[in-house]
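Letters go in sequence order (proteins before strands), and every chain restarts at 1.
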2 protein chains.
Amino acid sequence: MIDSRKWARLRTVPTDTDFERMLREADLRVTRPRLAVLTAVHRYPHADTDSIIGAVRADFGEVSHQAVYDVLRALSTAGLVRRIEPAGSAARYEARVGDNHHHVVCRSCGIIADVDCAVGDTPCLTASDDRGFTIDEAEVVYWGLCPECVAAPPRATAAGG
Amino acid sequence: MIDSRKWARLRTVPTDTDFERMLREADLRVTRPRLAVLTAVHRYPHADTDSIIGAVRADFGEVSHQAVYDVLRALSTAGLVRRIEPAGSAARYEARVGDNHHHVVCRSCGIIADVDCAVGDTPCLTASDDRGFTIDEAEVVYWGLCPECVAAPPRATAAGG
DNA sequence: CCATTTTCTTGAATCAATCAAGTCCTGGCC
DNA sequence: GGCCAGGACTTGATTGATTCAAGAAAATGG
């Protein structure tokens with residue numbers, strides 16, 4: 001299911017040592033499950049919790065689903081990963097943090113892609129009327145169809161990614 | 001819990017007959033549960049399913065939760081109501097449809113307010129790079145704190161509305 | 001008023017996520 | 001290098017929102 005060798009050939013990515021350092025710098029204890037989850041999120045951007053559990057178990061061994069949930073929460077809180085929840089989908093996670101990028105979601109197959117914001121670093125923060133709210137983030141989700149689904153709509157609705 | 005008389009004094013809103021006409025025009029059969037749900041969504045914008053069930057039962061009588069779920073789906077599909085799902089919240093519904101407005105969500109109490117888009121009728125539809133997707137909608141959610149929560153953060157986290 | 005088709009009721013099931021209690025392990029200390 | 005305390009992981013149950021399924025009831029067209 002996962003060919004990490006092939007993947008390693010294709011991209012330059014954080015090593016296990018990098019992940020360890022990231023955890024330490026975030027004041028998080030370094031554990032195998034955490035390294036495995038961090039690796040999985042980097043390897044499979046926008047994966048949902050279940051896929052991450054699968055990936056973690058594939059290249060590390062049995063880990064409880066609860067541990068993965070705990071780790072994902074810890075990493076999100078620490079800012080090492082970002083949690084996204086497109087309507088109609090379970091929570092998904094990505095390792096690209098710190099910039100304010102947005103997402104395109106395919107209505108048909110559910111696949112998600114990143115989109116840089118055109119308006120600068122903290123974009124869109126200007127609502128026409130903020131209703132008195134103190135706004136700190138503008139989240140943008142573009143909905144449509146991915147190239148594959150435009151060409152040939154798949155069997156079922158939503159999912160996968 | 002619901003003072004419809006007071007509410008009626010304050011706003012001019014669709015009457016029961018209007019709702020009936022809306023349903024017929026959408027090729028939906030006119031039933032008491034549907035009228036009740038449609039009324040509730042108009043009366044309580046951004047309410048979640050559970051609140052809608054409560055409102056429907058309060059001014060109509062016992063209705064199964066399943067019926068409300070079914071009706072909300074039918075109304076959403078027909079475009080008579082719009083379903084929104086802010087991260088961390090259950091599905092919510094609003095009757096303001098047809099325009100592309102956005103939402104501000106309070107991180108503390110969960111309350112939602114409408115925000116008109118500054119950029120025109122079909123705003124934000126221009127992603128910096130659409131990744132080959134065919135985009136048909138841009139959904140914007142502003143996150144922050146509502147005026148009340150800025151002044152005095154409430155007891156618990158998230159919810160209400 | 002009847003037939004057809006849709007909608008509603010009842011009750012169970014699913015899925016994602018969380019809670020809780022106990023065991024295990026990491027990191028700091030001697 | 002071993003010990004301790006608090007944090008992290010395992011196991012198992014539970015919640016909450018939503019959906020599935022089968023039959024009863026009601027709405028529309030004739």
Chemist: Separation of B/Leu72 atom CG from C/dC8 atom C1', in whole Å?
Modeler: 14 Å
Chemist: Quick one: B/Ile53 CD1 to D/dA17 P, roughly how many Å, whole number?
Modeler: 10 Å
Chemist: Do you know the tightest heavy-atom contact between A/Leu28 and A/Ala74?
Modeler: CD1-O, 4.3 Å
Chemist: Return yes if some donor-acceptor pair links the side-chain N/O of A/Arg34 with the main-chain N/O of A/Arg29 below 3.5 Å, else return no.
Modeler: yes
Chemist: Restricting to non-hydrogen atoms, name the atom on B/Ser51 and the atom on B/Ala47 that form the minimum distance, rounded to 0.1 Å.
Modeler: CB-CB, 4.0 Å
Chemist: In B/S/- notation, 5' to 3', how is nucleotides 9-19 of chain C contacted by protein heavy atoms closer than 4.0 Å?
Modeler: BBB----SBBB
Chemist: Charged N to carboxylate O below 4.0 Å: is that the case for B/Arg92 and B/Glu94?
Modeler: no
Chemist: Expressed as a whole number of angstroms, how long is the span from A/Glu25:CD to C/dG27:C1'?
Modeler: 17 Å
Chemist: Does this structure show an ion pair linking B/Asp18 with B/Arg21, if we count only N-O contacts that are shorter than 4.0 Å?
Modeler: yes
Chemist: Please encode protein proximity along nucleotides 22-30 of chain D as a string of B, S and -, counting only heavy-atom distances under 4.0 Å.
Modeler: ----BBS--
Chemist: Does any N or O in the side chain of A/Glu20 come within less than 3.5 Å of the main-chain N or O of A/Val30, such that one atom is a donor and the other an acceptor?
Modeler: no
Chemist: Does the B/His101 side chain pair with the main chain of B/Asp114, one donor and one acceptor, at a distance under 3.5 Å?
Modeler: no
